[in-house]
2 protein chains.
Amino acid sequence: MERPDELFLKRVFDYYFEAPLSVWATITPHLEHRNYKKNETIKEVGQTEHHIDIIIKGSIGVFFWTDNHPKCIDLFYEDYFSCDYMSYIESKPSELFVQALENTEVFTISRTKINELSEGNLMGNKIIRAAAQSLFLHKQRQQIEMLTLTAEERYKKMLMEQPDLINRTASKHIASYLGVTPESLSRIRNKVS
Amino acid sequence: MERPDELFLKRVFDYYFEAPLSVWATITPHLEHRNYKKNETIKEVGQTEHHIDIIIKGSIGVFFWTDNHPKCIDLFYEDYFSCDYMSYIESKPSELFVQALENTEVFTISRTKINELSEGNLMGNKIIRAAAQSLFLHKQRQQIEMLTLTAEERYKKMLMEQPDLINRTASKHIASYLGVTPESLSRIRNKVS
DNA sequence: AGTAAAACATATCATAGGTCAAGTTTTTTG
DNA sequence: CAAAAAACTTGACCTATGATATGTTTTACT
């Protein structure tokens, strides 16, 4: 009766939104299965984001350029939504780019479909609202961590809370996500272990 | 016909939400006019936020404690909404506290009223969704500035974009909002002028 | 207005983390 | 599987900012 895809989605939606069955039943048929190769650029700087991905397997990073280095402001993994939300929300190009960090498998849904499904639809709107709120909370927690903890403490925290991710993700991306240079992270890792 | 209060609100809502007249007409009667004294604590650490304020005059800061110093993560002024959104969204106590930085005049609306007005109401939900999205964008911009600019550059930017606010707000709060110590900001100000 | 307290400025010193450069290891690719 | 490229490590040095301490100015209070 239910394909594995649908079970996966049901779990993700339940987790995030406590959405009733009818909602994910509405959404499922409009999701497109897609694969990204490792290091594939999903959205370039200057382009507008028109999709949201739900990650089934793999990881995706959101970056911007400073000098000649990419800086990572978000890391997304299995079960998470991935998107350049800044561009998506404003519906205009952003300075951010989005890249697959591993071979990555997603369900993707277009802005058009999302609008269609939520237009005049209270539950659809509630879901988007819940999503925006959880994005805000995540950003504010990042901000507080950045102001409260040293680089070493931030690394240790990540090590505690997401040990597998540290192995799967390139050091340079972890470094920039933690707000330090690769050299600094290297020293920190050395010291910690 | 229209009281000044209503004109003010109409302007604010138009600006943020492009909401039709019917919406602010629905909301207006449920707003309560309130005054905070300078340095008055609006929400303490450990309490849950149940209100959103719309600032008519004055300014409000959102803080948390590190060691024995308050750190400012948000500054709100005239025409802006003010709230410990973290606590409001999760509807549970937060580590943040909220303080009036000047004698401040607001319209305040309770969570109960907001829920009542938006329950089953599509436009109400859209407004809340727009609010959540704009909060996220603000936080992400803060994050990018923090990673891109030095303390001095952040100060100069604030000086350019909000010169009056710098005069109205205590240096220590500006400093912590910019992510530096008061001593550092003092040096920066000295250097810049 | 006068006193106490808080905020701000300035100086010195300490340090986390950045920069640059030279290895070493790992990954990619022909 | 070898060569090239990219990623990571390590070291020496530097700089922005933090910590502490002291003096000065501003603000708050009776």
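Reminder, nothing fancy here: chain letters follow the sequence lines and each chain counts from 1.
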Query raised in the report: Rounded to the Å, how far apart are A/L178 CG and D/dC8 C1'?
Result: 16 Å
Query - Ion pair check, B/E161 and B/R154, cut-off under 4.0 Å - result: no
Query - For atom CD1 of A/I188 and atom C1' of D/dT10, their distance in whole Å - result: 15 Å
**Report entry** Partner set under side chain to side chain contact (heavy atoms under 4.5 Å, CB included) for B/H138, not counting sequence neighbours
**Finding:** B/D74, B/Q142, B/Y177
Report task. Would you give the length of the straight line joining atom CD1 of A/I60 to atom OH of A/Y77, rounded to the nearest 0.5 angstrom? Result -> 11.0 Å
Query raised in the report: Would you call A/K126-B/E119 a salt bridge at under 4.0 Å N-O?
Result: yes
Report task. Specify the separation, in whole Å, of atom NE2 of A/H173 and atom P of D/dA7. Result -> 8 Å
Query raised in the report: Looking at A/R168 and A/E78, does any basic side-chain N land under 4.0 Å from a carboxylate oxygen?
Result: yes
Query raised in the report: Quick one: side chain to side chain contact (heavy atoms under 4.5 Å, CB included) partners of A/Q99, sequence neighbours excluded?
Result: A/T41, A/F63, A/F97
Query raised in the report: Cation-pi between B/R34 and B/F107: NZ/CZ under 6.0 Å from ring centre and within 45° of the ring axis?
Result: no
Query - B/E102 CD - C/dA7 C1' separation (whole Å) - result: 16 Å
Query raised in the report: What is the distance from CG of B/L101 to C1' of D/dT27, rounded to the nearest Å?
Result: 16 Å
Query raised in the report: A/K172: what forms a salt bridge (Lys or Arg N to Asp or Glu O under 4.0 Å) with it, not counting sequence neighbours?
Result: none
Query raised in the report: How close or far is atom P of C/dT15 from atom CD of A/E152, stated in whole angstroms?
Result: 15 Å
Requested in this report: Before accepting this row, confirm whether a basic side-chain N of the pair B/E183/B/R189 lies closer than 4.0 Å to the acidic partner's carboxylate O.
Outcome: no
For nucleotides 9-14 of chain C, list the nitrogen or oxygen atoms of the protein found under 3.5 Å from its nitrogen or oxygen atoms, one pair per line.
| residue | atom | partner | partner atom | Å |
| --- | --- | --- | --- | --- |
| C/dA9 | OP2 | B/S186 | OG | 3.1 |
| C/dA9 | O5' | B/S186 | OG | 3.3 |
| C/dT10 | OP2 | B/N190 | ND2 | 3.0 |

**Report entry** Axis deviation across the helix from C/dA1-D/dT30 to C/dG30-D/dC1, five-pair ends, to the nearest 10°
**Finding:** 60°
Query raised in the report: Is A/D53 reaching over with its side chain to a backbone N or O of A/S82, donor-acceptor style, under 3.5 angstrom?
Result: no
**Report entry** 5' priority, DNA chain C, between B/T169 and A/V180 [closest heavy atom]
**Finding:** B/T169
**Report entry** Separation of D/dA16 P from B/K191 NZ (nearest whole Å)
**Finding:** 7 Å
Report summary line: B/E153 CD to D/dA16 P, in whole Å, measures 11 Å
Query raised in the report: C/dA16 phosphate, OP1 or OP2: any side-chain N/O from A/T150 under 4.0 angstrom?
Result: no
Query raised in the report: Should B/K156 and B/E152 count as an ion pair when the cut-off is N to O under 4.0 Å?
Result: yes
Polar atom pairs (N or O), protein with nucleotides 22-30 of chain C, under 3.5 Å:
none

